[in-house]
Each structure stands twice: as C-alpha cells, then as structure tokens.
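The next block holds one structure in the form of structure tokens; read it before the comments.
All values below were derived from every heavy atom in this structure, side-chain atoms included, with hydrogens, water molecules and symmetry-related copies excluded. Chain identifiers are assigned alphabetically (A, B, ...) following the order of the sequence lines, protein sequences preceding nucleic acid strands; residue numbering begins at 1 within each chain.
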2 protein chains.
Amino acid sequence: MTPDPAPLDADQLNAYFALMEVGSLLQHAVEQQLRTEGDLSWVQFQVLARLTDAPDGRHRMTDLADGVVYSRSGLTYQAGLLEKNGLVTRESDPDDERAVVVAITDAGRALIARLLPGHVDVVRRLLFQPLRHRDLDTLSQVLGRVRDHIRATPPRSAKPRRSRGPAT
Amino acid sequence: MTPDPAPLDADQLNAYFALMEVGSLLQHAVEQQLRTEGDLSWVQFQVLARLTDAPDGRHRMTDLADGVVYSRSGLTYQAGLLEKNGLVTRESDPDDERAVVVAITDAGRALIARLLPGHVDVVRRLLFQPLRHRDLDTLSQVLGRVRDHIRATPPRSAKPRRSRGPAT
DNA sequence: GCAAGTTGCTTCGAATTCGAAGCATGTACG
DNA sequence: CGTACATGCTTCGAATTCGAAGCAACTTGC
C-alpha cells in the first residue's frame, strides 16, 4: 500500500555503509599518524582533546566514557596509561567522593599541541580535500543533527522502569 | 592575509568529530542488536553482508579484510569463528593455491535474512529519522565521494619504492 | 538516622585485536 | 630452470576490550 517503506532501503543502506566505511578508514589512517608521531591511540587522543576543550581541563570519568563512546572499564584502563605517562592526573572529586576527576597536565597539553597540526593535516587530506565548501557545511550540519538525535534517544530497551505496582 | 586556511579548522574539526562520533554511536547501537538477536559481531555481520552481495557469494580473504577495514590476522580469526558456526566455508582457490576463498552457506544467508529487518530498523531509527530525504541524498553522495577518495589515496608513506638506482 | 536502591569507579576473566614472524605459492627476469 | 622478490594466509605473543561482579559513597523516603 504505502509505496514508501520498502523501496528506500537500498539507498539508505548505501549511505549507512558509506558512513561506517569512511569512519573506519579515517580512524585507521589517523591512528597511524598518532601512533608514529606521538605514541597515542585514537581513544587517548580523543580523551586529551576533550580535556583540552574543557574550560578547566577536567572531566569526570563517566562523562569522558560517554563522550568518547567507550566502556567504563576500558576508560579506567586508558586513564591509567595516560596517567602513567604523565599526561593526565586523577583525583577524587571533593563534591562527590565516588567520582574521579581527570585533569590534563601541561605535558598533556604540550603533546596535543604538538600532534594537532599533523592530525588536522591527515584529516584535511583524506576527508576535506574532495569536498566543496558547501558540502562541508551540509555534512557538518546533518551529522550534528544526527549526533544529537542519537544522544537523545534512549537505548531502545530503556531501564526496566521498576514500577512500584506488582504487575511485572 | 588569506582569510581562508586558518579560520576553517574549527568548522572542519566539528564536522570531523561529529562524523566519528556518529560512527561510534551507530556501531555501538547496532552491535547490541546483532548480538542479542543473532549473536553476531559487527565485523561478522559486515563479512556476511559482503558475501551476500557478491554475485557468487564468495570472496578472497584479503579482499574481505580490505573491504571491511580489518587486519589480515583479525579476519583469519573471525573467519574461523564463522566457519565453526557453519555460516561460511573456506577452501583454497584453484586458480591461486595461496589464496583462500570464503563462501557463505545457506545457514549464513538465512541468518542475515533473519537479522536484516531489525538491523535496518535500528539504523533507520537512529540515522535516518532525523533526516529529510534531501539530506539523505547529499549525505550518501558526499560520503561516497570521500570513501572513493580515501580508498584511492595511497597510505601516505607509500611503499619504499625500491628504486633500482643506488640513491636510496 | 537508616534501609533500600542508585551511581561511579575499579578489578577480574575471557574474548578479541593487531603486527611481526613464518610458510607456501606465484611472478619476473636472466 | 633458478634466483630474488612479491603476495596470501596463518600462527604467535602482547596489548586491549568489554561485561559482570565488587565496593564505596550518595540519595530517598520514612
């Protein structure tokens, strides 16, 4: 009846696969650069970048984990590595004794500053070179919208909603 | 002087980060669905999907690895798992005794057929719902272009080019 | 204030991931 | 044909990844 639902899939799947493929390819390329020039992994770079962006250079573990889309235990491990290398410090939040606040050190900022130019270069060469200025705008806008949408969408199987009533 | 090169970086970085973030979020969501409904990982799904698309349901290991952006050894491992579960078979290529050809089995096709609807559903809900039809087209086109560009770009440190001459 | 439930982080074990090394086959060129 | 190199895959070891379980600190409702 509705001529809509079915026939779209092919186009959609193309866009979807292209998106994921570009993401993988880019990440792979960028990881090479980070590894050889600064001995950092992609996650570590992301963490440091986010800390650099923060007004006071600090974030709680959970916020970082959610931000970079990583498991909590995984982030604990990575934060440990970064700390061992003197790029961040960890101390418990005075406002919430459970929380751990990660802060970027001067060495961390210096490293990011050193790596960023080359990093941007790789991205520019691979991602932006084949794009007209117009496309960049669209891409940025559309992806931003999608990101916000996904972030706002509750994980389909939302918390069991422990209802007070006996039913269930 | 040129008001162009420098000031762009901020916008560009935004688009770039949005792209990577959406990729991560999508993959994460999709992985949940595949794992609970069919006990497949994202890579395994991609491999089976590519085999399904192939005219004869076969691909060489290397082509698969490059296609899904995965290490060779990693693909060996995954192919082993898929084979153990009866979703693919592996046999050496008669045309090239070194090569191994992976072929999808009926069980493999059946599994993909079973999973695809739910899979498409997740993607539609997260990626396409917030997009106008127009945006989808642009996205598809732009990302396709980028993908081709990256695929065509030699890995910056191209093969040492063992020149015959003595000068390095 | 305290019992029950949440939330934030780490530890633990098992699975996955990658690059380097190993092996076998294929190809170029004399 | 035979040497030298290239290519395709797997095995190996070390590093990473995640979810489940554990622990400590908060919050709520009384």
Side-chain angles (χ1 to χ4, degrees), chain A residues 24 27-29 31-32 34-36 39-47 58-85 88-102 155 157-164, chain B residues 24 27-29 31-32 34-36 39-47 58-85 88-102 155 157-164:
Chain A
S24 297
Q27 178 172 344
H28 199 264
E31 214 145 39
Q32 300 275 106
L34 290 174
R35 183 58 74 191
T36 60
D39 204 44
L40 274 192
S41 69
W42 166 241
V43 199
Q44 293 170 338
F45 175 78
Q46 267 189 301
V47 167
R58 344 178 114 253
H59 271 312
R60 292 170 38 203
M61 292 286 285
T62 295
D63 298 334
L64 275 177
D66 287 349
V68 303
V69 192
Y70 222 62
S71 72
R72 275 71 199 301
S73 50
L75 193 72
T76 294
Y77 180 76
Q78 290 297 340
L81 291 184
L82 289 173
E83 188 178 35
K84 183 159 50 181
N85 289 4
V88 306
T89 60
R90 276 188 291 184
E91 44 187 68
S92 72
D93 185 343
D95 293 343
D96 184 343
E97 210 47 52
R98 299 169 297 183
V100 169
V101 171
V102 181
S157 55
K159 280 277 178 58
R161 225 29 178 139
R162 178 184 39 79
S163 80
R164 194 158 293 253
Chain B
S24 296
Q27 177 172 344
H28 200 264
E31 215 144 38
Q32 300 275 108
L34 290 174
R35 182 59 72 194
T36 61
D39 203 45
L40 273 192
S41 69
W42 165 241
V43 200
Q44 293 170 338
F45 175 79
Q46 268 188 303
V47 167
R58 343 176 116 251
H59 270 312
R60 292 170 39 202
M61 292 285 286
T62 295
D63 297 334
L64 275 178
D66 288 348
V68 303
V69 191
Y70 221 63
S71 71
R72 278 53 193 317
S73 50
L75 192 71
T76 293
Y77 180 76
Q78 291 297 341
L81 291 184
L82 289 173
E83 187 178 35
K84 181 159 52 184
N85 288 7
V88 306
T89 60
R90 277 190 290 184
E91 44 185 68
S92 73
D93 184 343
D95 292 345
D96 184 342
E97 211 45 54
R98 298 168 298 183
V100 169
V101 171
V102 181
S157 55
K159 281 280 179 54
R161 225 20 174 147
R162 176 185 42 78
S163 78
R164 196 159 289 257

Fill in the blank from the handout: Of Pro94(B) and Met61(A), the one whose closest nucleotide on DNA chain C sits nearer the 5' end is Met61(A)

Problem - Bend angle of the helix from dG1(C)-dC30(D) to dG30(C)-dC1(D), from helix axes over five pairs at each end, nearest 10° - result: 40°

Would you be so kind as to tabulate the donor-acceptor pairs closer than 3.5 Å made by side chains of residues 68-77 of chain A, with sequence neighbours excluded?
residue  : atom : partner  : partner atom : Å
Ser71(A) : OG   : Gly74(A) : N            : 2.9
Arg72(A) : NH2  : Asp66(A) : OD1          : 3.2
Thr76(A) : OG1  : Arg72(A) : O            : 3.2

Completion exercise
When rounded to the nearest 0.5 Å, the distance separating CG of Asp63(A) from CZ of Arg58(A) is 13.5 Å

Practice task
Measure from CG on Leu34(B) to P on dC18(D) and round the result to the nearest Å.
Solution key: 16 Å

Completion exercise
The side chain to side chain donor-acceptor pair (under 3.5 Å) partners of Gln46(A) (sequence neighbours excluded) come to Trp42(A)

Problem - All pairs passing side-chain hydrogen bond (donor to acceptor under 3.5 Å, both in side chains) where residues 92-102 of chain A contributes a residue, at least two apart - result: Ser92(A)-Glu97(A), Asp96(A)-Arg98(A)

Handout entry: Spacing of Gln44(A) atom CD relative to dA15(D) atom C1', expressed in whole Å
Key = 12 Å

Completion exercise
Residues at least two apart in sequence or cross-chain that pass side chain to side chain donor-acceptor pair (under 3.5 Å) with Arg90(A), listed by chain then number, are Glu83(A)

Heteroatom pairs (N/O) under 3.5 angstrom, protein to nucleotides 20-25 of chain C:
residue : atom : partner  : partner atom : Å
dT25(C) : O2   : Arg98(B) : NH1          : 3.3

Exercise for the section: For DNA chain C, find the residues of residues 62-71 of chain A with a heavy-atom distance under 4.0 Å and give them by number; none if there aren't any. Expected result: Thr62(A)

Handout entry: Residue pair Lys84(B), Leu81(B): steps toward the side chain to side chain contact (heavy atoms under 4.5 Å, CB included) verdict
Key = CA-CA 5 Å; Lys84(B) 181 159 52 184; Leu81(B) 291 184; 4.3 Å; yes

Exercise for the section: Could you say whether Thr76(A) or His28(A) is positioned toward the 5' end of DNA chain C, judged by the nucleotide with the nearest heavy atom to each? Expected result: Thr76(A)

Completion exercise
Separation of dT16(D) atom C1' from Glu31(A) atom CD, nearest Å, is 11 Å

Fill in the blank from the handout: The side chain to side chain contact (heavy atoms under 4.5 Å, CB included) partners of Arg35(B) (sequence neighbours excluded) come to Asp39(B), Ser41(B)

Exercise for the section: State whether Arg60(B) places a side-chain N or O below 4.0 Å from either non-bridging phosphate oxygen (OP1 or OP2) of dG8(D). Expected result: yes

Exercise for the section: Using a heavy-atom cut-off of under 4.0 Å over every strand shown, decide if Arg90(A) touches base, sugar-phosphate, or nothing. Expected result: sugar-phosphate

